[in-house]
Amino acid sequence: MERILEPEVMDSAEEAIEYDAMDFTEVNSAFAQEAIALGSSEQAVVLDAGTGTARIPILMCQMRPNWQVVAIDLAASMLQIASSHVQEAGLQDQIRLELVDVKHMPYADEQFDIVVSNSLVHHLPDPLSLFRELKRVLKPNGGIFIRDLFRPRDEVTMDALVDSIGTEYNEHQKKLFRDSLHAALTIDEVKDLLSQVGLQAVEVYQSSDRHWTAQKRWNW
């Protein structure tokens, strides 16, 4: 299937509230656990690109109390909800929320020990710019953990995936999922982008019936 873009930023209050209400607990927990396994239990400075409502950095910091996370998003409404979650968790000293465009980050070269990103790539019209910036701000021996949807090979496969997400999701939420699948990259496209920017030794693989993962261990 051809890629069909969806909006890059979900920035209405209604969209942010609806997104935050969707139950991604299992997916987020798995992401956080796998991400911290790539790094040291000692101190680390982590970038979470496209943090949404900050569910993942909260989980990571609860498991790694010595880590500092800079969590960025381009949607102010998402960050507003994220701020309340961070405060409720008592993690204001560990998590810094910032309104930042991932395509043009205001951070120094080689600033972060680990970069993570969940479900961001499919939102970007030109994901190459994200991968360039991630390479720039990541230390040479830094870790990478990126996960997103991949585009199904045909409409039949996509219909089956949408039907599989369960009755707890309403029709609008199912449409959002379908739109995201249509906007996603293929695994080969992800590998090509990593190659173009010179991110080496990154393992890219299918990690579920709908997700790809790109990871590289942090050699601290």
Side-chain angles (χ1 to χ4, degrees), residues 1-24 26-28 31 47-56 71-82 98-105 115-134 145-194 196-197 204 206-214:
M1 291 193 307
E2 293 296 315
R3 187 180 187 215
I4 300 176
L5 298 179
E6 64 175 0
E8 181 173 348
V9 181
M10 296 170 60
D11 203 19
S12 74
E14 293 79 12
E15 285 177 318
I17 291 169
E18 183 166 21
Y19 174 83
D20 191 57
M22 296 174 75
D23 185 7
F24 297 123
E26 185 176 344
V27 172
N28 289 345
F31 184 100
L47 174 70
D48 179 22
T51 194
T53 58
R55 299 285 192 179
I56 284 174
I72 65 175
D73 207 283
L74 195 55
S77 57
M78 289 285 193
L79 292 176
Q80 186 174 4
I81 296 174
E98 297 191 346
L99 183 69
V100 169
D101 186 345
V102 297
K103 303 184 295 299
H104 307 284
M105 298 187 211
V115 295
V116 303
S117 182
N118 182 54
S119 298
L120 169 67
V121 176
H122 73 269
H123 285 288
L124 305 177
D126 179 21
L128 183 63
S129 56
L130 166 67
F131 287 101
R132 283 200 185 107
E133 280 290 84
L134 292 182
F145 196 75
I146 305 171
R147 178 166 287 165
D148 207 331
L149 298 166
F150 65 81
R151 191 166 73 252
R153 62 181 179 272
D154 53 42
E155 294 280 350
V156 173
T157 305
M158 185 165 67
D159 289 343
L161 284 171
V162 173
D163 289 341
S164 74
I165 65 172
T167 56
E168 66 269 26
Y169 296 104
N170 62 38
E171 288 306 311
H172 180 60
Q173 290 168 332
K174 288 184 177 182
K175 181 183 183 302
L176 291 176
F177 180 48
R178 178 184 293 276
D179 290 346
S180 295
L181 288 169
H182 236 147
L185 303 180
T186 66
I187 292 176
D188 285 341
E189 288 168 346
V190 174
K191 290 178 178 178
D192 181 60
L193 290 170
L194 290 166
Q196 285 187 58
V197 302
V204 182
Q206 180 176 334
S207 49
S208 81
D209 63 350
R210 66 201 66 179
H211 294 100
W212 59 266
T213 296

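FYI, side chains are in, hydrogens and waters are out, and symmetry mates aren't considered; it's all heavy atoms of this structure.
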For [X] and [Y], work out which heavy atoms get closest and say how close.
X: Val197; Y: Leu128; answer: CG1-CD1, 3.5 Å
X: Val121; Y: Arg3; answer: O-NH2, 3.7 Å
X: Ile146; Y: Phe131; answer: CD1-CE2, 3.9 Å
X: Met1; Y: Pro152; answer: CE-O, 3.4 Å
X: Ala49; Y: Ile72; answer: CA-CG1, 3.8 Å
X: Ser207; Y: Thr213; answer: OG-OG1, 2.7 Å

Check: Would you say Asn28's side chain and Ile56's backbone share a donor-acceptor pair under 3.5 angstrom?
Finding: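 Side chain of Asn28 to backbone of Ile56, a donor-acceptor pair under 3.5 Å: no, none is there.
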Rounded to the nearest 0.5 Å, how far does [atom2] of [Y] lie from [atom1] of [X]?
X: Leu193; Y: Leu130; atom1: CG; atom2: CG; value: 9.0 Å
X: Asp48; Y: Asn118; atom1: CG; atom2: CG; value: 8.0 Å
X: Leu194; Y: Glu189; atom1: CG; atom2: CD; value: 12.0 Å
X: Asp148; Y: Ile187; atom1: CG; atom2: CD1; value: 11.5 Å
X: Asp101; Y: Asp73; atom1: CG; atom2: CG; value: 10.0 Å
X: His182; Y: Leu5; atom1: NE2; atom2: CG; value: 11.0 Å

Check: How would you list all residue pairs meeting salt bridge (Lys or Arg N to Asp or Glu O under 4.0 Å) that involve residues 116-134, not counting sequence neighbours?
Finding: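 Of all non-adjacent pairs touching residues 116-134, those that pass salt bridge (Lys or Arg N to Asp or Glu O under 4.0 Å) are Glu133-Arg136.
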With sequence neighbours excluded, tell me which residues meet side-chain hydrogen bond (donor to acceptor under 3.5 Å, both in side chains) with [X].
X: Glu98; answer: Arg96, Tyr107
X: Ser208; answer: His211
X: Asp192; answer: Gln196
X: Asp163; answer: none

Please identify each residue that fulfils side chain to side chain contact (heavy atoms under 4.5 Å, CB included) with [X], with sequence neighbours left out.
X: Asp188; value: Thr186, Lys191
X: Ala82; value: Ala54, Leu97
X: Ala184; value: His122, Leu149, Arg151
X: Lys174; value: Val162, Ile165, Tyr169, Glu171

Margin query: Please determine whether the number of non-hydrogen atoms from other residues, nucleotides or ligands lying under 6.0 Å from atom CD of Gln206 exceeds 12.
Written below: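 More than 12 heavy atoms, drawn from other residues, nucleotides or ligands, come within 6.0 Å of this atom.
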Note to self: Can you list everything that forms a salt bridge (charged side-chain N to carboxylate O under 4.0 Å, His left out) with Asp179? Sequence neighbours excluded, please.
What the structure shows: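 For Asp179 the salt bridge (charged side-chain N to carboxylate O under 4.0 Å, His left out) partners, ignoring immediate neighbours, are Lys175.
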Check: Of all residues at least two apart in sequence or in a different chain, which pass the salt bridge (charged side-chain N to carboxylate O under 4.0 Å, His left out) check with Asp159?
Finding: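 With neighbours one apart ignored, the set is Arg178.
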Next item on the list: Can you sort out the partners of Phe145 under ring pair (Phe, Tyr, Trp, His ring centres under 6.0 Å), two or more places apart, ordered by chain and number?
Entry: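 Residues passing ring pair (Phe, Tyr, Trp, His ring centres under 6.0 Å) with Phe145: Phe31.
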